[in-house]
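One structure is given here, and the rest of the page talks about it.
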Amino acid sequence: MSDAPVYNIDPAVFWKDPYPDLKRMRAEQPISFVPQLGATLITRRDDIFENEKKIEIFSSDQPNGLMTKLMGQNMMRKDGAPHRAERKATFPVWSPATVKAVWKAAFEDFTRETLDEIAPLGRADMVREIAMRISGEALKVITGLTNMSWQEMDRVSQGMIDGCANYRGDAAVEANCHDCTASIDRHIDEMIPKLTAEPDSSLLSIQLQAGFSEAQYRANVKLAISGGQNEPRDAIAGLVWALLTHPDQLQMVLEGKVSWLDAFHEYVRWIAPIGMSPRRIAREHRLEGVTLEPDDLVFFMFGSGNRDESQFARPDVFDITQDARAAIPFGAGPHFCAGAAASRCLIADVALPMIFERLKGLRLDGETGFGGWAFRGPLNMPVAWETALA
């Protein structure tokens with residue numbers, strides 16, 4: 001175990017709002033061992049940015065990690081040549097060119113369909129009835145699992161997220177995660193004959209075309225679902241909430257003074273949907289006076305680095321006018337989020353502009369609750385808007 005100074009948390013409080021504890025760690029002991037999580041947390045932006053690239057020390061290969069045990073060894077849990085080979089082979093799925101030529105039109109179609117169905121109602125839960133559906137439909141086409149409902153896509157994604165963050169060893173959470181991965185496997189089995197006969201640009205199809213093993217393509221589809229549903233879902237709903245609670249900044253975007261993309265970048269800095277990424281220490285290493293031992297579990301705390309006082313003028317507030325370029329919501333090393341271009345397109349180019357255009361007079365209609373530290377976003381968000389009958 002590392003000799004980092006110990007920092008104790010109340011897990012329930014940390015889940016509800018991790019930022020006060022992370023702020024104190026950055027100020028007093030930026031590398032801290034948190035016994036409740038069984039891990040050493042690295043909380044300052046530059047330490048994360050510099051060390052995430054050192055894969056010979058901070059390894060993503062974690063045979064005993066929760067993600068590998070529950071979902072199989074995907075490309076994010078590999079380093080060096082094996083990681084590069086799988087990432088290169090799947091690049092046609094995520095490339096900016098594919099996003100522009102293939103996925104953007106699909107994003108627009110199902111977002112329009114979603115909003116057309118819900119607009120006459122005049123009210124909804126932004127998380128569960130709008131953002132969740134848009135994100136799930138996007139993931140269906142990108143993964144190739146078009147036989148899965150958007151509701152099931154969200155269920156299996158959340159089940160795997162909960163499983164990968166189950167550092168307290170809750171048996172019920174683990175059992176639910178296994179049920180979710182089994183569902184994904186069944187949907188993969190159903191789609192293989194179709195995608196073999198009619199290949200497309202989806203992740204499952206591209207992997208089949210590239211000759212990936214069964215273990216590889218199953219693990220990578222599960223990886224895409226585990227991170228590819230919650231991040232857009234939480235960023236869509238969260239950014240809507242941030243703009244509605246900062247009407248002056250919403251007006252700046254609507255007037256074209258600041259872009260939707262700038263608003264997106266500031267939101268994922270302020271409330272990072274993916275708050276941390278785990279690593280295994282491959283060999284003894286000294287960092288900022290702390291000795292990290294082989295097989296220590298380390299968390300790169302992206303959500304903390306994105307609020308580093310040394311990097312941002314107003315780190316604890318949502319301000320679309322501040323410079324957010326130092327933020328690392330998608331990571332900083334060779335495991336930088338492969339789906340970043342698709343996420344930006346879905347959220348900043350499609351979902352947010354269409355939501356505010358279609359739902360006239362959009363406003364909050366009740367309390368919005370947030371939760372999570374490894375993955376963070378709004379849990380519920382009642383909203384209302386004007387209808388033709390109003």
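The figures that follow rest on heavy atoms only: side chains count, while hydrogens, waters and symmetry mates do not.
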No-hydrogen, no-angle side-chain donor-acceptor test under 3.5 Å, [X] and [Y]:
X: E137; Y: T114; value: no
X: Q216; Y: Q207; value: no
X: S259; Y: D262; value: yes
X: Y7; Y: D21; value: yes
X: S60; Y: R279; value: yes
X: D61; Y: S59; value: no

>> Less than 4.0 angstrom from a charged side-chain N to a carboxylate O is my criterion; do R344 and D349 meet it?
In response: no
>> Show, in sequence, the C-alpha distance, side-chain angles and deciding distance for Q29 and S32, and conclude whether the side chain to side chain donor-acceptor pair (under 3.5 Å) test is met.
In response: CA-CA 6 Å; Q29 47 190 71; S32 297; 3.2 Å; yes
For [X], which residues count as a salt bridge (charged side-chain N to carboxylate O under 4.0 Å, His left out) partner, sequence neighbours excluded?
X: K360; value: E357
X: E56; value: none
X: D47; value: none
X: E309; value: R26

>> Given the ring of F49, does K53 sit roughly above its face, with NZ or CZ under 6.0 Å from the centre of the six-membered ring and within 45° of the axis?
In response: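 Yes, cation above the ring, under 6.0 Å and within 45°.
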> Looking at residues at least two apart in the chain, or sitting in another chain, which of them share a ring pair (Phe, Tyr, Trp, His ring centres under 6.0 Å) with F318?
Replying inline: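 Once residues adjacent in sequence are excluded, the partners of F318 under the ring pair (Phe, Tyr, Trp, His ring centres under 6.0 Å) criterion are H246, W270.
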Salt bridge (charged side-chain N to carboxylate O under 4.0 Å, His left out): pairs with one or both residues in [range], sequence neighbours excluded:
range: residues 321-343; value: D323-R325
range: residues 242-256; value: E255-K257
range: residues 167-186; value: R155-D179, D185-R218, D185-K222
range: residues 77-103; value: K78-E86

>> Please enumerate all residues that pass side-chain hydrogen bond (donor to acceptor under 3.5 Å, both in side chains) together with S2, with sequence neighbours excluded.
In response: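 Per chain and number, S2 pairs via side-chain hydrogen bond (donor to acceptor under 3.5 Å, both in side chains) with T40.
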> Hey, is the main chain of A119 close enough, under 3.5 Å, to the side chain of W385 for a donor-acceptor pair?
Replying inline: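 Between the backbone of A119 and the side chain of W385 there is a qualifying donor-acceptor contact (under 3.5 Å).
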>> Main chain of A242, side chain of T245: is a donor-acceptor contact present, judged purely on distance under 3.5 Å?
In response: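 Present.
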What donor-acceptor contacts under 3.5 angstrom involve side-chain atoms of residues 365-375, with partners at least two apart or in another chain?
| unit_1 | atom_1 | unit_2 | atom_2 | d |
| --- | --- | --- | --- | --- |
| D365 | OD2 | R123 | NE | 3.3 |
| D365 | OD2 | R123 | NH2 | 3.0 |

>> Any non-hydrogen side-chain atom of D296 less than 4.5 Å from a side-chain atom of R280?
In response: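 No, side chains not in contact.
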>> Is any side-chain heavy atom of E113 closer than 4.5 Å to one of R133?
In response: yes
> What do the steps show when you test T68 against Q62 for side chain to side chain donor-acceptor pair (under 3.5 Å), and what is the final call?
Replying inline: CA-CA 7 Å; T68 302; Q62 301 167 40; over 6 Å; no
> Parallel under 30°, tilted from 30 to 60°, perpendicular over 60°: which one fits the rings of F58 and H285?
Replying inline: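 It falls in the perpendicular class, over 60°.
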>> Can you list everything that forms a side-chain contact (heavy atoms from CB on, under 4.5 Å) with A326? Sequence neighbours excluded, please.
In response: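 side-chain contact (heavy atoms from CB on, under 4.5 Å) check on A326 returns R45, Q311, F312.
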